Each structure stands twice: as structure tokens, then as C-alpha cells.
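To start, the structure itself, in C-alpha cells.
When a ligand or atom number is given, it counts from 1 through the structure's own listing order. As the structure is a prediction and not an experimental result, all values here were calculated from the model. Numbers here simply count residues along the sequence, with the first being 1.
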Amino acid sequence: MKRRDLIKYLSLAPITGAVVGSGVPFRADAATIVKPKRDLINELGIRRFINASGPYTAISASLMHDEVMEAINSSSKGFVMYGEVQDKVGEKIAAICHSEAAMVTAGCSSALLLGTAAALTGMDRNKVAQLPDVENFDKNEVIVQKSHNYGYIHVLNNTGIKKVLVETSEDLEKAISSKTALMYFLNDHTPDGKIKHQEWLAVAKKNNIPTIIDIAADVPPVENLWKFNDMGFDMVCVSGGKAIRGPQSTGILMGRKHLVAAARLSAPPDNKNIGRGMKVNKEEIFGLYAALERYVKQDHEKEWKMWESQVAVIDNAVKKIKGVSTEIVIPPIHNRTPNLSIFWDSASINLTTKQMTENLRDGNPSIEVGIRSASVPSQSGALNITVWMLQPGEEKIVARRIREELLKASVS
Ligand SMILES: *Cc1c(COP(=O)(O)O)cnc(C)c1O
């Protein structure tokens with residue numbers, strides 16, 4: 001073990017102990033405290049950091065709990081039929097999330113792609129084999145609100161569909177035709193679209209068109225896992241490796257039985273399809289199930305209170321510094337947990353946001369934080385701190401490091 005890492009382990013141990021003693025729920029998994037037999041992150045010289053930014057793929061998103069690793073390890077010791085694992089785990093997930101059926105996919109992205117494929121092909125294996133060449137399909141169009149035509153929807157293009165963009169209710173009525181295969185909704189952009197869930201669903205039902213909704217990062221609240229199934233969306237897609245803290249490579253496609261069955265034709269273990277490259281191994285399927293079960297059962301109110309207390313620790317460490325102001329922000333839909341925004345004035349603190357994030361990244365321990373735009377022009381910097389991916393006690397390290405950097409750059 002390198003000296004730097006030894007210091008890190010030593011500095012973490014007493015803090016974790018204190019957290020246990022104070023009655024705050026103890027979340028750390030043993031692997032984060034006990035020195036592992038072989039630590040490949042250190043061995044390969046890869047930077048390890050505290051995640052004060054959030055469950056983003058580029059920074060490896062979330063950490064799996066012990067129960068999830070147990071499910072992965074125990075299921076790795078035997079052979080099973082892949083389809084049977086999807087059947088049985090799918091049934092369990094469907095029961096938890098109030099859907100008719102479910103399958104584990106390679107991330108929410110793959111759920112979106114396979115769900116779209118299902119709407120295009122149904123159970124027709126000839127059609128499955130033709131994707132993404134859907135030129136001569138009766139139905140090959142997906143209707144999307146302009147303001148929902150954003151980012152992750154790109155994955156739908158892999159199926160060969162043509163997007164039809166609409167803004168108003170009148171546009172929507174006009175856009176519907178015998179070529180319409182699916183109506184897509186991006187939950188996170190609900191406030192930006194003129195048409196909301198209920199109207200979208202009503203129009204789809206009236207015209208007998210299936211619907212799909214992307215709720216990838218919209219848990220918590222936990223109820224969102226079933227809310228959109230209850231509301232009547234035919235397919236609901238969510239990430240497994242964000243709030244649920246399953247394997248980062250997993251997601252869930254849930255919804256109508258016939259659509260999930262059709263989606264499976266475009267997925268492994270079959271091979272003459274567009275989804276063969278989106279394999280989820282059996283260990284990850286079990287791992288996601290264990291993570292989901294744990295997530296649904298956990299005390300969400302207690303966790304929210306813990307996040308608030310972690311935010312308070314950081315807030316109290318910085319808010320009295322001259323030129324600093326803070327704000328507790330709860331995003332309206334995605335990543336809905338308490339965040340702390342920290343702003344500072346250029347007149348009092350001579351530090352840009354970029355310098356701050358680099359100093360935190362290069363410090364010991366290394367810390368990744370989010371940034372946000374300044375709210376008034378006199379501010380030279382603004383950070384966004386997300387606490388829900390912190391390990392217990394790490395909020396104290398984050399608080400100390402940000403305070404140090406702000407004080408160091410203070411103009412006296
Ligand atoms: C993260 C995200 C996705 C992709 O989810 P993965 O599980 O990483 O595939 C899709 N849509 C939205 C809105 C997201 O936030």
C-alpha cells in the first residue's frame with residue numbers, strides 16, 4: 001500500500017467509527033474499509049476519488065451494496081438457462097413495479113432501444129431480423145415532442161425509425177397516421193413540453209398506439225418505479241445503476257406482456273437481431289434484482305434526512321466565509337435529492353470555478369464535484385455538491401477541502 005492510500009484508510013476509519021456511534025445509519029460496505037486482497041484500482045494507478053457530483057456514467061455513477069455483490073458472487077458459481085433467469089427475475093421485478101412483465105437490459109438506453117424494437121416488430125421474427133432496415137414496414141414512425149427530442153433519445157435511431165416531432169395537441173393529432181409505431185415521452189422534460197402525461201396517454205389509447213417513457217434518473221422518489229406503469233404507459237425504462245445502485249451496466253424495461261416478449265426477441269441470447277451487442281450477464285441480472293429489492297425496502301425518509309444532514313455539514317463549513325453564499329437545491333425531476341450550491345464573489349475570493357474543481361480533483365483525497373452557472377455576474381465561481389453518492393463520513397472531508405480552497409483564495 002502506498003503511503004498516500006494508507007493515510008486515506010487511516011483518515012477514514014475514525015470517521016466511520018464516529019458515524020456508527022452517533023446512530024446515523026451505517027451504509028459503508030466492508031470492501032470500502034477493509035483492505036482488499038488485491039486492489040486493481042491502485043495496482044493500475046487509476047485515480048480514486050470521492051463522488052460529490054452524482055450518479056454519472058463518466059465517473060462510474062454509483063457503488064453497489066454488499067447484498068448486490070453477494071448476489072453476483074453466489075450466482076457466478078453455477079450454470080443456468082439465460083432465458084429462465086430473465087423469466088423469473090422479470091416476474092419479480094414486474095410484481096415490485098406493478099407492471100405485467102419486465103426484463104433486465106443493458107442500461108436504460110438498451111431498454112429504450114429494445115422497447116422501440118418491440119413496437120416495430122411485435123413477435124414477427126422476420127421483422128426482428130430486418131431491423132434497422134424498416135423502410136418497408138407498415139409502421140416505422142415514432143412521435144416525440146420537440147422539447148423531448150433530447151440527448152439519450154439518439155439510441156432510438158439504431159432501430160431505423162423516423163422521428164416525427166410535434167409541439168401542440170393539434171400537431172399531435174395531425175402527426176398520427178397508419179405509420180405510427182410508438183409515442184415516446186421523456187419524463188425529465190415534462191415541464192418543457194406542452195403535452196403532459198395524461199393527454200399523451202389519452203391520445204395514444206384513442207388511436208391504439210403503444211407508449212414508452214424514459215424515467216432513467218427519475219428515482220427517487222421510489223414510487224416513480226410504479227407510478228408510470230399505474231398511469232398506463234405501455235413501456236417504462238429506468239436505469240439500474242443510478243439510484244437503485246445495481247450494476248452500472250443494467251437497466252429495466254417493464255410494461256405490457258406482449259411488448260416485453262417482443263423486446264426479448266431483439267435481445268440476447270438470440271443473435272439475428274439488433275440487440276445482440278447488449279448482453280447483460282446472469283450475475284448482473286441477479287445483482288440488479290437484489291439491488292432493486294433492497295432499494296424498495298429501505299427507509300427512504302431516513303436516507304433523505306441523512307442527505308440533509310450531510311448537506312448541512314458542508315453548508316456550515318463554508319457559508320460564513322466572506323463572499324460566499326449557499327443555496328440548498330432539490331432538482332424537480334431527475335436526481336431528486338438535496339444538493340448544495342456554493343457561490344463566491346470575485347471581489348472576496350480570487351478563484352475560478354475551473355481552478356476550484358481542479359484543486360479538488362488534484363487534492364488528497366481527490367474529489368469530483370458538480371459545477372453550476374453563477375446566479376449573478378459578480379460571482380467568480382459556483383459549485384453544485386451532490387451528497388447521495390458519498391460514503392458515510394466523506395461529507396466532512398468534502399466540507400474541509402472546499403473550505404480550505406475558499407480560505408486560501410480569500411482576498412484579505
Ligand atoms: C442516464 C440516462 C439514460 C441512460 O441510462 P443508462 O442506464 O446509462 O443506459 C437515458 N435517459 C436519461 C434521461 C438518463 O438520464
Using modelled atom types only, decide if a donor and an acceptor are shared between the side chain of E394 and the backbone of Q391 within a distance under 3.5 Å. yes

What pairs of residues pass the salt bridge (charged side-chain N to carboxylate O under 4.0 Å, His left out) test when at least one of them lies in residues 187-214, not counting sequence neighbours? E173-K206

Do H148 and Y184 have ring centroids that are under 6.0 Å from one another? no

Do side-chain atoms of K163 reach the backbone of N149 as a donor and acceptor pair under 3.5 angstrom? no

Contacts satisfying salt bridge (charged side-chain N to carboxylate O under 4.0 Å, His left out) that involve residues 105-115 (not counting sequence neighbours) are none

Please tabulate protein-ligand N/O pairs under 3.5 Å for ligand 1, atom names and distances to 0.1 Å.
unit_1   : atom_1 : unit_2 : atom_2 : d
ligand 1 : 5 (O)  : S239   : OG     : 3.1
ligand 1 : 7 (O)  : C108   : N      : 2.8
ligand 1 : 7 (O)  : S239   : OG     : 2.7
ligand 1 : 9 (O)  : C108   : N      : 3.1
ligand 1 : 9 (O)  : S109   : N      : 3.0
ligand 1 : 9 (O)  : S109   : OG     : 3.3
ligand 1 : 11 (N) : D214   : OD1    : 3.4
ligand 1 : 11 (N) : D214   : OD2    : 2.7
ligand 1 : 15 (O) : K242   : NZ     : 3.0

Among residues at least two apart in sequence or on other chains, which ones pass side chain to side chain donor-acceptor pair (under 3.5 Å) with T211? D234

